[in-house]
Protein chains: 2
Amino acid sequence: MIPEATVARLPVYLRALTALADNGIRTCSSEDLASAAGVNSAKLRKDLSYLGSYGTRGVGYDVDYLRYQIAREIGVTQDWPVVIVGIGNLGHALANYSGFRSRGFRVVALLDADPALIGQTVAGVEVQPFDDLEEIVRTHDVAIGVIATPAFAAQDVADRMVAMGITSILNFAPAVLTVPEGVDVRKVDLSIELQILAYHEQRKAGGATQGAAAAAAATDGGAA
Amino acid sequence: MIPEATVARLPVYLRALTALADNGIRTCSSEDLASAAGVNSAKLRKDLSYLGSYGTRGVGYDVDYLRYQIAREIGVTQDWPVVIVGIGNLGHALANYSGFRSRGFRVVALLDADPALIGQTVAGVEVQPFDDLEEIVRTHDVAIGVIATPAFAAQDVADRMVAMGITSILNFAPAVLTVPEGVDVRKVDLSIELQILAYHEQRKAGGATQGAAAAAAATDGGAA
DNA sequence: CCAATTTTGTTCTCACGTTCACAAACTCCT
DNA sequence: AGGAGTTTGTGAACGTGAGAACAAAATTGG
Ligand SMILES: NC(=O)c1ccc[n+]([C@@H]2O[C@H](COP(=O)([O-])OP(=O)(O)OC[C@H]3O[C@@H](n4cnc5c(N)ncnc54)[C@H](O)[C@@H]3O)[C@@H](O)[C@H]2O)c1
Ligand SMILES: NC(=O)c1ccc[n+]([C@@H]2O[C@H](COP(=O)([O-])OP(=O)(O)OC[C@H]3O[C@@H](n4cnc5c(N)ncnc54)[C@H](O)[C@@H]3O)[C@@H](O)[C@H]2O)c1
């Protein structure tokens, strides 16, 4: 129903609305919100139109009302239990990330295969053996899993997650995951992002081969 | 010249080719590589055609040769110096990330505003005060900066980076950055990814309002 | 050397996403 | 009440990307 590109922007609007509300702003125009969210105002209005008609012509949008409507549409008015698998460098950072909790996601378990980690407390949650996955998923009705293991283990972890009933996976490991129909996978890959930046950087430098050129002769624009 | 969507996939092909090479495979068809990269083979061939004609009809692609060509096109045959600003939970994880080094990115400095962190060694690199940014950028010809500070500090850090000559920024803070023309910004936002998953999860559950429904009545497909 | 087979590179078509432009709908002021 | 001024919601034009289909080019076998 709602285009995928729009779905990906709704959380950005939500964040911008929260920032406006924190500043005591109660009403905003599509222009205001678009600027806060870093998008074109026409695109913003079209995106919002997929949710319904929550604005008032000549006036704009009620910040709190729109915020609630978007939150409801995304599904963050309810609490989502989440498990994190792989409590290494990245897993620790994720477990300590406060942005989880504040946006409706609750870390119900931290799992790892390394016996040395089991029993340690990270961010107030005890690390459990990976084999506890089944019980945790069943007990807490977990639908979302986060993979922060090395790449070689990622597919295996994903398979086990799917077998236990998890239907949404956020994957930080640099590996292509194969999952059955009906399971959503999103990947976050730092090194891909850096490589994309490097590509554009190389172009800016005029395709010079040696060293990182400092002079950025902006051939091709592309500010985000 | 090369479509943005293609640029974003080239690093994935590169990773897949490396995996094939590690398995001793010296030649592969577009079908093989596409499958390893998780894309359609027609799309793969079209993507590669933007780089040139590096395959042989009736045979396929030489793994090492193609790998070099893609690496050169992206720009990862050279070394890219990178600075990381904000050495908190996430900054620590990034500093310890081995995938940086192995893909041509070299962390030349870790910067933070917190005096308590200055002087500490993280992943073999000493944390320096943020004010050292100018000297570091000048000394190492740094073009790429990573922001891992809290959101409220992100725009300020970005401004200072741009003023020092950095032209590519990878931003982990949940904030919209405004930068001049010619500067590229890419953002990685964990909570946005989770919210997108939550949206689809809610749809799978039939839009039920209470709790996280376990029964995933796959109404709308969407496996990645 | 030539035909059969394989696999690339490319063309064509369709779907999706973005942006412009404007009528509809609301407020405010006189 | 009515007109002027705003701002939304959306139809239409445009651009980009995905995928099917096929001709061109290489190998292999006779
Ligand atoms: N550190 C970063 O900043 C960073 C950035 C981007 C991507 N990544 C990726 O994220 C992943 C984790 O990175 P990291 O630096 O935390 O690595 P890490 O080695 O520090 O941690 C990996 C953890 O996964 C555990 N593990 C291994 N196999 C497992 C299994 N089968 N089941 C459960 N747990 C298992 C290990 O015991 C370890 O604790 C890697 O794939 C890495 O490429 C990391
Ligand atoms: N921890 C995670 O897993 C995670 C995940 C996604 C996004 N993020 C985002 O990444 C950012 C960092 O997260 P974190 O958990 O590491 O936070 P943190 O609070 O642990 O670390 C932030 C660091 O930035 C430093 N800092 C603050 N202002 C600065 C400035 N002006 N200049 C230089 N350094 C400054 C602080 O001293 C601190 O060391 C946040 O914006 C967070 O929302 C974190």
Side-chain angles (χ1 to χ4, degrees), chain A residues 1-13 16-17 20 25-63 65-67 69-70 73 176 196 199-200 220-224, chain B residues 1-13 16-17 20 25-67 69-70 73 196 199-200 220-224:
Chain A
M1 197 74 179
I2 298 183
E4 195 54 37
T6 297
V7 171
R9 281 188 296 266
L10 291 179
V12 180
Y13 302 154
L17 283 166
L20 290 176
I25 296 167
R26 311 198 64 80
T27 296
C28 70
S29 68
S30 63
E31 204 73 49
D32 297 336
L33 182 52
S35 145
V39 302
N40 183 298
S41 72
K43 182 149 66 177
L44 171 79
R45 286 199 300 277
K46 176 149 275 192
D47 283 341
L48 294 184
S49 77
Y50 291 113
L51 313 192
S53 286
Y54 296 132
T56 307
R57 298 178 191 216
V59 178
Y61 301 92
D62 181 280
V63 172
Y65 181 59
L66 183 59
R67 184 155 63 129
Q69 293 299 339
I70 294 178
E73 189 70 37
V176 176
I196 295 171
Y199 170 82
H200 291 296
D220 187 344
Chain B
M1 196 74 174
I2 297 184
E4 196 54 38
T6 297
V7 171
R9 281 188 295 266
L10 291 180
V12 180
Y13 302 154
L17 283 166
L20 291 177
I25 296 168
R26 311 197 66 79
T27 295
C28 70
S29 69
S30 63
E31 203 73 49
D32 297 337
L33 182 53
S35 146
V39 302
N40 182 296
S41 72
K43 184 151 62 180
L44 170 78
R45 287 198 300 277
K46 179 172 263 190
D47 284 342
L48 294 185
S49 77
Y50 291 113
L51 312 193
S53 286
Y54 297 132
T56 307
R57 298 179 191 216
V59 178
Y61 301 93
D62 181 279
V63 172
D64 277 334
Y65 180 60
L66 182 59
R67 185 155 62 127
Q69 293 299 338
I70 294 179
E73 188 71 36
I196 295 171
Y199 170 82
H200 292 296
D220 187 344

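Every chain is numbered from 1 and lettered A, B, ... according to where its sequence line falls, protein lines coming before strand lines.
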Participant: What is the distance, rounded to the nearest whole Å, between atom CG of A:Leu51 and atom C1' of D:dG9?
Facilitator: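 Those two atoms, CG and C1', are 13 Å apart.
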Participant: Rounded to the Å, how far apart are B:Arg45 CZ and D:dC22 P?
Facilitator: 14 Å
Participant: Counting heavy atoms from C-beta on, name the nucleotide in D:dA20, C:dT18, D:dT8 closest to the side chain of A:Ser30.
Facilitator: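 Among the listed nucleotides, the one closest to the side chain of A:Ser30 is D:dT8.
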Participant: Which residue lies toward the 5' end of DNA chain D, A:Ser53 or A:Lys46, if each is placed at its nearest nucleotide?
Facilitator: A:Ser53
Participant: Atom CG of B:Leu48 to atom P of C:dT7: distance rounded to whole Å?
Facilitator: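 Between P of C:dT7 and CG of B:Leu48: 16 Å.
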Participant: Looking at every non-hydrogen atom in both residues, tell me the closest pair between A:Leu17 and A:Cys28 and how far apart they are.
Facilitator: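 Heavy-atom minimum between the residues: CD2-SG, 4.4 Å.
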Participant: Return the value, rounded to whole Å, for the distance between atom CG of B:Asp62 and atom P of D:dT27.
Facilitator: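 Distance, rounded to whole Å: 14 Å.
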Participant: Separation of B:Lys43 atom NZ from D:dT16 atom P, in whole Å?
Facilitator: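 It is 17 Å, rounded to the nearest whole Å.
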Participant: One pair to check against side-chain contact (heavy atoms from CB on, under 4.5 Å): A:Tyr13 and A:Asp47. What are the steps and the verdict?
Facilitator: CA-CA 10 Å; A:Tyr13 302 154; A:Asp47 283 341; 2.5 Å; yes
Participant: Quick one: A:Leu44 CG to C:dT19 P, roughly how many Å, whole number?
Facilitator: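 Rounded to the whole Å, the gap is 12 Å.
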Participant: Assess, by modelled atom type and distance only, whether the side chains of B:Asp62 and B:Thr27 contain a donor and an acceptor separated by less than 3.5 Å.
Facilitator: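 No, no side-chain donor-acceptor pair sits under 3.5 Å.
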Participant: Can you identify which nucleotide, out of D:dT10, C:dG9, C:dT10, has its nearest atom closest to the B:Tyr61 side chain?
Facilitator: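 Output: C:dG9.
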Participant: What nucleotide among C:dG17, D:dG17, C:dT8 has an atom nearest to a side-chain atom of B:Ala5?
Facilitator: D:dG17
Participant: Among C:dG17, D:dA20, C:dT18, which nucleotide has an atom closest to any side-chain atom of B:Asn40?
Facilitator: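 The closest nucleotide is D:dA20.
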Participant: Classify B:Glu31 by what it touches in the nucleic acid, base, sugar-phosphate, or nothing, heavy-atom distance under 4.0 Å.
Facilitator: nothing
Participant: Side chain of A:Pro3 only, please: which of C:dG17, D:dT8, C:dG9 is the nearest?
Facilitator: C:dG17
Participant: Between B:Asp47 (CG) and D:dG19 (P), how many Å, whole number?
Facilitator: 11 Å
Participant: So, for A:Leu44 and A:Ser30, which heavy atoms are closest and what is the spacing to 0.1 Å?
Facilitator: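 So the two residues come closest at CD2-O, 3.1 Å.
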Participant: Could you state the atom-to-atom distance from CG of B:Asp32 to P of C:dT7 in whole Å?
Facilitator: 8 Å
Participant: Please confirm whether the backbone N or O of A:Val59 pairs with a side-chain atom of A:Thr56, one donor and one acceptor, at under 3.5 Å?
Facilitator: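 Between the backbone of A:Val59 and the side chain of A:Thr56 there is no qualifying donor-acceptor contact (under 3.5 Å).
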Participant: Using 0.5 Å steps for rounding, measure from the CE atom of B:Met1 to the CG atom of B:Leu51.
Facilitator: 10.5 Å
Participant: For B:Tyr61, what residues pass the side-chain hydrogen bond (donor to acceptor under 3.5 Å, both in side chains) criterion, not counting sequence neighbours?
Facilitator: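 Per chain and number, B:Tyr61 pairs via side-chain hydrogen bond (donor to acceptor under 3.5 Å, both in side chains) with no residue.
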Participant: When all nucleic acid strands are considered with a 4.0 Å heavy-atom cut-off, which category describes A:Tyr54: base, sugar-phosphate, or nothing?
Facilitator: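 Since only primed, P, OP1 and OP2 atoms lie under 4.0 Å of A:Tyr54, the category is sugar-phosphate.
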Participant: Can you check each nucleotide of nucleotides 25-30 of chain C against protein heavy atoms at under 4.0 Å and return B for base, S for sugar-phosphate only, - for none, in 5' to 3' order?
Facilitator: BBS---
Participant: Report the nucleotide, chosen from D:dG9, D:dT7, C:dT18, that has the shortest atom-to-atom distance to any side-chain atom of A:Ser49.
Facilitator: D:dG9
